[in-house]
Amino acid sequence: MRVRDRAVTSQGSPSVSQPPARPLWRRALGPRLRAAGLALPLVAFVSVTFLGPMLSLLTKSFYDPEVADALPETMAALRDWDGQGTPPDEAFAAVAREFVAARTERNLGRTANRVNRVASGMRSTIMGSSREMVDAAAAAEAAGEAMDGAFWRETMIAIDSRWGDPEPWRALEAAGQRFTARHYLKALDFERGPDGGYQRAPEVWRIYVPLFWRTFLVSLGVTLLCLVIGYPVAHMIANAPPKRANVLLLLVLLPFWTSLLVRTTSWIVLLQNQGIVNDFLVAIGLIGDDGRIAMIYNMTGTFVAMTHVLLPFLVLPLYSVMRAIPPAYMNAAVSLGATPFQALRRVYWPQTLPGVGAGCLLTFILAIGYYITPALVGGQSGQLISNMIAYHVQTSLNWGLAAALAALLLGGVTLLYVVYDRLVGIDRIGLG
């Protein structure tokens with residue numbers, strides 16, 4: 001027979017004993033631990049697919065060990081060199097040994113590419129000199145000649161007179177720095193001067209800072225254009241009857257169901273010189289057949305295509321905020337003597353500012369990172385800094401410079417976000 005433990009209460013009645021209560025800290029942390037466990041897969045996914053690659057790329061903007069690992073003896077020999085005149089004989093002997101060894105192992109090309117990014121033309125100098133240095137080393141070994149620093153100084157200068165100047169050695173020394181700021185300086189249109197310092201690049205080579213300014217101005221212009229077009233559209237949808245509002249909202253969402261590539265290339269058909277828009281203008285007599293307007297492969301095409309793609313991102317936040325504003329507010333303002341414009345400016349507009357802030361911030365951030373649309377319809381004058389980042393990642397394989405450009409762009413967006421938060425307040429942003 002099972003015996004149950006019983007306890008006698010103060011009144012004498014028996015009661016079943018209860019298990020001890022859980023500690024307070026366990027009851028407080030339990031829900032939080034469960035929530036953290038549920039969020040852990042998402043955090044891991046974001047870390048692996050976004051944070052990890054981003055940090056890896058940004059690290060390449062200031063860490064480049066390729067040359068230092070390939071030419072350790074040369075870097076050690078150049079460590080005490082003051083950058084004036086030619087380096088000591090030990091540097092000639094070290095670079096000759098390492099060039100010959102790398103040439104034999106067929107991995108000198110990567111080192112030459114890294115040095116060429118510091119000083120243009122160094123790849124041909126290194127590859128051409130190393131080929132003849134291999135022959136010189138074989139001939140000297142066969143003749144039993146000592147291959148010391150003096151021998152290699154004379155041989156290398158005879159092969160290419162540039163080795164008698166300090167510029168190639170400065171390029172080797174700069175490329176051999178594991179931690180360097182040269183990618184950021186290049187991204188800001190600076191270059192290494194004859195004295196070893198950094199100076200502004202010649203005006204013809206200043207391409208990145210103008211691209212940053214163009215990207216900022218285009219993103220700001222597209223955002224303002226979307227606001228001018230999207231504000232009345234969102235107001236119309238928010239104040240339309242339910243059935244009509246659903247149809248209008250469907251038209252706004254329709255571009256999301258079409259491929260970005262299709263939406264962008266369709267503007268090429270519409271805006272080209274022999275396209276539909278120019279044909280229509282000629283048909284109504286607004287322009288002559290010989291005066292067709294160039295609206296594609298320039299900044300006009302970039303503005304039109306980007307505005308079309310990004311307009312829904314501003315309309316939707318505005319619509320969600322406007323839908324919650326009672327129409328009675330505008331009627332009350334008009335009944336008190338305000339004109340429709342005064343009622344819009346002093347009553348309706350301030351209430352829509354959370355949606356304006358959310359839509360403008362979202363549109364601007366998306367616009368500043370666009371590169372597919374400008375690449376297809378922008379031509380040479382409509383390219384943005386994102387196109388240059390993609391070029392260095394995919395074509396030139398200069399990941400250090402691409403990472404520096406990306407880091408500067410990320411820093412600029414973060415700075416604008418902080419300024420916006422200080423001036424307007426991020427807490428005023430609303431999505432309805």
Side-chain angles (χ1 to χ4, degrees), residues 203-204 206-234 251-316 318 356 359-392 394-395 405 409 412-413 416:
E203 189 171 355
V204 69
R206 298 175 190 173
I207 58 176
Y208 297 114
V209 173
L211 272 178
F212 274 115
W213 278 113
R214 180 191 297 176
T215 301
F216 174 79
L217 294 177
V218 169
S219 301
L220 182 61
V222 168
T223 302
L224 294 178
L225 193 58
C226 288
L227 178 61
V228 171
I229 298 175
Y231 197 91
V233 172
L251 295 177
V252 172
L253 295 174
L254 190 61
F256 287 120
W257 303 341
T258 309
S259 169
L260 175 62
L261 187 62
V262 173
R263 282 182 283 167
T264 303
T265 52
S266 64
W267 283 109
I268 300 177
V269 178
L270 293 172
L271 300 179
Q272 60 184 330
N273 285 347
Q274 302 299 323
I276 298 175
V277 176
N278 268 305
D279 287 344
F280 175 75
L281 296 178
V282 171
I284 64 177
L286 191 60
I287 60 175
D289 190 58
D290 56 346
R292 292 174 177 263
I293 305 173
M295 293 181 288
I296 202 67
Y297 305 125
N298 51 27
M299 191 57 69
T300 302
T302 299
F303 264 94
V304 172
M306 289 183 63
T307 301
H308 169 239
V309 172
L310 296 175
L311 185 59
F313 292 98
L314 201 142
V315 171
L316 294 178
L318 280 174
V356 172
C360 289
L361 190 63
L362 178 62
T363 304
F364 180 84
I365 291 177
L366 290 174
I368 208 169
Y370 254 49
Y371 80 95
I372 295 179
T373 300
L376 292 177
V377 302
Q380 184 176 1
S381 62
Q383 300 296 296
L384 305 181
I385 193 65
S386 52
N387 299 107
M388 190 59 65
I389 295 174
Y391 167 76
H392 286 305
Q394 299 173 356
T395 304
L405 293 171
L409 185 62
V413 173
L416 290 174

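What you see is a predicted model, and the numbers here were worked out from it, not measured in a lab.
Distance check: Ile296 CD1 to Asn298 CG gives 7.0 Å after rounding to the nearest 0.5 Å. Note that OH of Tyr371 and CD1 of Ile389 are 11.0 Å apart. Values are rounded to the nearest 0.5 Å. A distance of 4.0 Å separates CG in Leu225 from OG1 in Thr307, rounded to the nearest 0.5 Å. Note that the OG1 atom of Thr395 and the CE atom of Met388 stand 10.5 Å from one another [nearest 0.5 Å]. Here the straight-line distance linking atom CZ of Phe256 with atom CG of Leu254 works out to 10.5 Å at 0.5 Å rounding. Interatomic distance, CG of Asn278 versus CG of Leu270, reported as 11.0 Å (0.5 Å rounding).
No side-chain donor-acceptor contact under 3.5 Å links Thr363 to the backbone of Cys360. Checking side-chain atoms of Ser386 against main-chain N and O of Tyr370 turns up a donor-acceptor pair under 3.5 Å. Side-chain atoms of Arg292 never come within 3.5 Å of backbone atoms of Ile287 as a donor-acceptor pair (strictly under, hydrogens ignored). Looking at Thr373, its side chain never comes within 3.5 Å of a backbone N or O of Ala305 through a donor-acceptor pair.
Shortest non-hydrogen contact noted between Leu362 and Phe313 is CD2-O, 3.8 Å. Closest approach of Arg214 and Met299 over heavy atoms only: CD-CE, 3.7 Å. Summarising the geometry of Ile293 relative to Leu281, their closest heavy-atom pair is CD1-CD1, 4.1 Å, with the distance given to 0.1 Å.
Every pair passing ring-ring contact (aromatic ring centres under 6.0 Å, His included) that includes a residue from residues 279-310 is listed here, sequence neighbours excluded: Trp267-His308.
Taking the six-membered ring for Trp and thresholds of 30 and 60 degrees, Tyr208 and His392 have ring planes inclined between 30 and 60 degrees apart.
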Inset, instruction - Apply side-chain contact (heavy atoms from CB on, under 4.5 Å) to the pair Leu405 and Phe212, showing each step before the final yes or no. - result: CA-CA 9 Å; Leu405 293 171; Phe212 274 115; 3.9 Å; yes

Inset, instruction - Check the pair Leu361, Ile365 against side-chain contact (heavy atoms from CB on, under 4.5 Å), reporting the backbone distance first and the verdict last. - result: CA-CA 6 Å; Leu361 190 63; Ile365 291 177; 4.1 Å; yes

Inset, instruction - Please report the C-alpha distance between Leu314 and Ile229 in whole Å, then the side-chain angles of each, then the deciding distance to 0.1 Å, and finally whether the side-chain contact (heavy atoms from CB on, under 4.5 Å) criterion is met. - result: CA-CA 9 Å; Leu314 201 142; Ile229 298 175; over 6 Å; no

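Considering only heavy atoms from C-beta on, Leu376 comes within 4.5 Å of Leu261 through its side chain. Looking only at side-chain heavy atoms (C-beta outward), Tyr391 and Asn387 stay at 4.5 Å or farther from each other. Residues Pro374 and Met306 have side chains in contact (heavy-atom distance under 4.5 Å, counting atoms from C-beta outward). Looking at heavy atoms from C-beta onward, Val277 lies in side-chain contact with Met295 at the 4.5 angstrom threshold. Within the 4.5 Å cutoff, side-chain heavy atoms of Leu253 are placed close to those of Leu316.
Exactly one residue among Ile372, Thr258, Leu260, Val222 makes a side-chain contact (heavy atoms from CB on, under 4.5 Å) with Val309. That residue is Leu260. Just one residue in the list Ile207, Val209, Leu211 forms a side-chain contact (heavy atoms from CB on, under 4.5 Å) with Ile385, and that residue is Leu211.
With sequence neighbours left out, the salt bridge (charged side-chain N to carboxylate O under 4.0 Å, His left out) criterion links Asp290 to no other residue.
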